[in-house]
Chemist: 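Shown below is the structure under consideration.
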Protein chains: 2
Amino acid sequence: MTITLPVPTPDATCCAAVTGGVLSIDEAERLAHTFKALGDPTRVRLLSLIAASEGGEACICDLTEPVGLSQPTVSHHMKQLVDAGLAVREQRGRWAYFRVVNDALDRAAHALRP
Amino acid sequence: MTITLPVPTPDATCCAAVTGGVLSIDEAERLAHTFKALGDPTRVRLLSLIAASEGGEACICDLTEPVGLSQPTVSHHMKQLVDAGLAVREQRGRWAYFRVVNDALDRAAHALRP
């Protein structure tokens, strides 16, 4: 029996690269949106904490102490990461759980090193 | 005549990755500094313009018109890219010339996709 796993549809906007020709304004805005979300030390630490968590997901309740910030502040940072497509959020009862979107990190890396 | 621009020395802190374990505060600050510089549409367009220029270098005098900004504003953006190690600057007479530091783009990409 052959099991076919879903293949992500190629994203037409996936392939703009900083060194792959002059970027259009739209392409530059999309890329900058991602990099801006990554342009804060707390946010890159939060991503690393989530990625290093068991099962690759973390409850917001476990993220506040390692970064030494209040839950509203961590929620605000996580919202920016989710808005940029770098993390996904799932509400389970009282708590929000987060996962890193590896495809989004791959696309951002591709933009720097095609 | 050949003009050689300075090549940055390899950085021992090159290899911290967002998904390679919990980042230290220092590692997170270094990475975020780079991504913050990339987190602006004008700056990623400037990098793409320089990378796409003949010989991989561009005079500031040729960068203002494509991005539609004044020279002081473009200079300010370029200073942030140089401070983040993403570009190098060389003064030749009246004009500043810039090159993209591909190693810095590679390191940033590696941090996202080791």
Side-chain angles (χ1 to χ4, degrees), chain A residues 16-54 56 58 62-63 65-69 77 80-81 84 86-87 99-114, chain B residues 16-54 56 58 62-63 65-69 77 80-81 84 86-87 99-114:
Chain A
V18 171
T19 55
V22 178
L23 292 170
S24 72
I25 291 172
D26 279 357
E27 288 166 338
E29 281 177 356
R30 271 191 295 269
L31 286 178
H33 185 223
T34 303
F35 291 128
K36 192 173 181 180
L38 291 165
D40 177 279
T42 298
R43 290 197 288 276
V44 291
R45 284 200 83 213
L46 285 168
L47 285 178
S48 78
L49 282 160
I50 296 165
S53 296
E54 200 183 328
D62 293 322
L63 294 172
E65 188 272 330
V67 296
L69 295 169
H77 282 305
Q80 289 177 269
L81 290 168
L86 293 162
R99 300 185 77 86
V100 173
V101 179
N102 287 309
D103 282 356
L105 292 182
D106 283 352
R107 282 194 295 275
H110 177 90
L112 300 174
R113 184 175 53 185
Chain B
V18 171
T19 55
V22 179
L23 291 170
S24 72
I25 291 172
D26 280 357
E27 288 166 338
E29 280 177 356
R30 271 192 293 270
L31 285 178
H33 185 223
T34 303
F35 292 127
K36 190 172 182 181
L38 291 165
D40 177 279
T42 298
R43 289 198 289 276
V44 291
R45 285 200 83 213
L46 285 168
L47 284 178
S48 78
L49 282 159
I50 296 165
S53 296
E54 198 182 331
D62 293 322
L63 294 172
E65 188 271 331
V67 294
L69 295 168
H77 282 303
Q80 289 177 267
L81 290 168
L86 293 162
R99 300 184 78 85
V100 173
V101 179
N102 287 309
D103 282 356
L105 293 181
D106 282 352
R107 282 193 296 274
H110 176 89
L112 300 173
R113 183 174 55 184

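In what follows, every chain begins at residue 1, and chains take the letters A, B, ... in the order their sequences are listed.
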Chemist: What part of B:A51 gets closer than 4.5 Å to chain A, counting heavy atoms only: side chain, backbone, both or neither?
Modeler: side chain
Chemist: Just so I understand: if I count every heavy-atom pair under 4.5 Å between each of B:P41, B:S48, B:G21, B:A104 and chain A, which residue has the most?
Modeler: B:S48
Chemist: Measuring from atom CG of A:N102 to atom OG1 of B:T19, what distance do you get when rounded to the nearest 0.5 angstrom?
Modeler: 6.5 Å
Chemist: Give, as side chain, backbone, both or neither, the part of A:I25 having an atom under 4.5 angstrom from any heavy atom of chain B.
Modeler: both
Chemist: For B:D40, is it the side chain, the backbone, both or neither that has a heavy atom under 4.5 Å from a heavy atom of chain A?
Modeler: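 For B:D40, backbone heavy atoms alone lie under 4.5 Å from chain A.
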Chemist: Just how far is it from atom CG of A:L23 to atom CG of B:L47, taken to the nearest 0.5 Å?
Modeler: 9.0 Å
Chemist: Heavy-atom pairs under 4.5 Å with chain B are the metric here; pick the option from A:V67, A:V18, A:L31 that has the most.
Modeler: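 Top option by heavy-atom pairs under 4.5 Å: A:V18.
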Chemist: Under 4.5 Å from any heavy atom of chain A, what part of B:A28 do you find: side chain, backbone, both or neither?
Modeler: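 The answer is both parts of B:A28.
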Chemist: When A:V100 is tested against each of A:L105, A:L46, A:L86 for side chain to side chain contact (heavy atoms under 4.5 Å, CB included), which residue passes?
Modeler: A:L105
Chemist: Just give me the residue among B:V44, B:T42, B:T34 that pairs up with chain A most often, heavy atom to heavy atom, under 4.5 Å.
Modeler: B:V44
Chemist: Pick one of side chain, backbone, both or neither for A:A52, based on which atoms fall under 4.5 Å of a heavy atom in chain B.
Modeler: side chain
Chemist: Check side chain to side chain donor-acceptor pair (under 3.5 Å) between B:R45 and all other residues, then give those that pass, not counting sequence neighbours.
Modeler: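 Listed in chain order: nothing, the list is empty.
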Chemist: Among all residues two or more places apart in sequence or in another chain, which pass the side chain to side chain donor-acceptor pair (under 3.5 Å) test with B:E27?
Modeler: B:S24
Chemist: I need the A:K36 NZ to A:R43 CZ distance, nearest 0.5 Å.
Modeler: 8.5 Å
